[in-house]
Protein chains: 2
Amino acid sequence: MRDFTRDHSALALNTATLGHNLDGYGAGWSPERVIEACAARELAGVVFWRREIGGRAVEIGDRVRAAGMEVVGLCRTPFLVGPLAPPTPQAIMDEFHASIDMAAALGTRILTIVTGGVEPGTKGTAESQRILAERVAMAAPYAAERGVNLALEPLHPVYAGNRTCIMTLRDALRVCDMVDAPNVGVAVDVYHTWWDADLAAACADAGKRILGFHLCDWLADTTDVLLDRGMMGDGVADIRAIRAAVEGAGYKGACEVEVFSAANWWLRDPEEVIDTMVERFRTVC
Amino acid sequence: MRDFTRDHSALALNTATLGHNLDGYGAGWSPERVIEACAARELAGVVFWRREIGGRAVEIGDRVRAAGMEVVGLCRTPFLVGPLAPPTPQAIMDEFHASIDMAAALGTRILTIVTGGVEPGTKGTAESQRILAERVAMAAPYAAERGVNLALEPLHPVYAGNRTCIMTLRDALRVCDMVDAPNVGVAVDVYHTWWDADLAAACADAGKRILGFHLCDWLADTTDVLLDRGMMGDGVADIRAIRAAVEGAGYKGACEVEVFSAANWWLRDPEEVIDTMVERFRTVC
């Protein structure tokens, strides 16, 4: 397990920590200002959301690299199944391909898949997982040609109705197996997986398929399951144990901080947020 | 698997479906009126909450049996660990014993355990599960002497911060194994477990330790994770598959309907709620 007590060169900022995943939140920093702040602290890199990139993917990617960092990932594909997915299979695949194009233009290796929930007209998650696997398998070669890996991210079971049909790392690995493409793996997020007694064993089975690792925390008295995530150390997740499992599986990549926090961190000065995240990374992760 | 299409003699009402688990909700029916309505529909029985029983446990239990039904269960123990548990270990055990006494006075065989969340000062759920198992083991003989079985109910992982430290049936069985008492088993609730790909296998491993089965549904676009459960058929859970797994394990007991629904079912006439639950039980469960 890596020692980060005096080293945060593996730390990355997911801009959702500054509220950039949704309209109307955060301080509204430009990508340039984010890059500058992260570079000043010698972070590994930045994970962006599609909505802040627009048509400037190449320019923003180049600027990140010129600042000595990398674009660690892009959030995210459209929902690929379920009630919140684009209205037709063709529209889903078109937007899926567009998100792959953006990842390629940014020069990032990782595009995160948030799957979407239970396909209308079905019950349970098995049929949705099957449709999901089909769609990921269809897009995987297109992504591979562009140097993009697809990271299936299991989301917390609270989102299983409409936002995800993979609720555990084990679910994600099952879909990976169905897809069976070399550029399709998984992402492990503390918020979504901390409660899962099977997580360490699933990490071991995932091995090199772990493509991303997301830091945050679960607040014991969380007030909103979408926008009230905790900064590392403020909650009840055993973050060190999770990182040990992820790194024990062979993961050596970036640790990205992704804290959705409308009522707390998104209200603060981004400089303070980034400084706090560096300090917490060194002391509690 | 039992055929309920023309038979609801295994159906029970958990009075939470009428809002009786919390102050200020529902139509405020007395236990007597609940018993009358359930008996009129020839239900198997009723599951009560401690707050509606007060000092009348013997009287209410006798009245249920006089009406040709049984008291299927009592909700619930205090939280036994975590931030919402009573303030001291002694206070926890005192209230635990009081809930066992009430179950015995009601003449029910089943007292449900809702465990409570992560013990303050710890991270993750393993240490909380260990403390939980100790406390359940301490109370199990007291319950056994009074003919009461203790049903550990895994709650949805969304409650893992402060309300539960067992998030899956597998977690509940692990705690059962730690307790190792013949009168300690588990309860399976559709709302809490529907998303779990390991559920059927865990049911098979649970076997005769399944002491209760709770019906409801998970609404795809749920708006509140505490008080917005769905009536069976209105959500995305594969209820029949879950019942098949539970009954495949040997369960032959009551199917109790437990729908927390502040903005929908709790606003309706309880007669309509009970009629709907009978109809849904026959058609979608």
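Per chain, numbering begins at 1; letters A, B, ... match sequence-line order.
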Distance-minimising heavy-atom pair for A:Ala197 and B:Asp171: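 Reported closest heavy-atom pair: CB-OD1, 3.5 Å.
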Atom group of [X] that falls short of 4.5 Å from chain B, counting heavy atoms:
X	result
A:Trp195	both
A:Arg174	side chain
A:Val225	side chain
A:Asp221	both

Please round to the nearest 0.5 Å and tell me the distance separating atom [atom1] of [X] and atom [atom2] of [Y].
X	Y	atom1	atom2	result
A:Thr168	B:Asp198	OG1	CG	9.0 Å
B:Thr125	A:Asp238	OG1	CG	9.0 Å
A:Met167	B:His156	CE	NE2	9.0 Å

Closest-packed option against chain A by number of heavy-atom pairs under 4.5 Å, given B:Ala237, B:Gly161, B:Pro120: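 Looking at each option in turn, the highest pair count goes to B:Gly161.
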Residue among B:Gly82, B:Gly124, B:Pro157, B:Ala160 with most heavy-atom pairs under 4.5 Å to chain A: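 Winner by heavy-atom pair count: B:Pro157.
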Side chain to side chain, A:Val118 and B:Trp218, heavy atoms closer than 4.5 Å: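 Contact flag for A:Val118/B:Trp218 side chains = no.
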A:Tyr25, OH: over 12 other non-hydrogen atoms inside 6.0 angstrom: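 Open: at most 12 neighbouring heavy atoms sit under 6.0 Å from OH of A:Tyr25.
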Flag, side chain of A:Lys123 to backbone of B:Gly235, donor-acceptor distance under 3.5 Å: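 Yes, because the side chain of A:Lys123 sits within donor-acceptor range (under 3.5 Å) of the backbone of B:Gly235.
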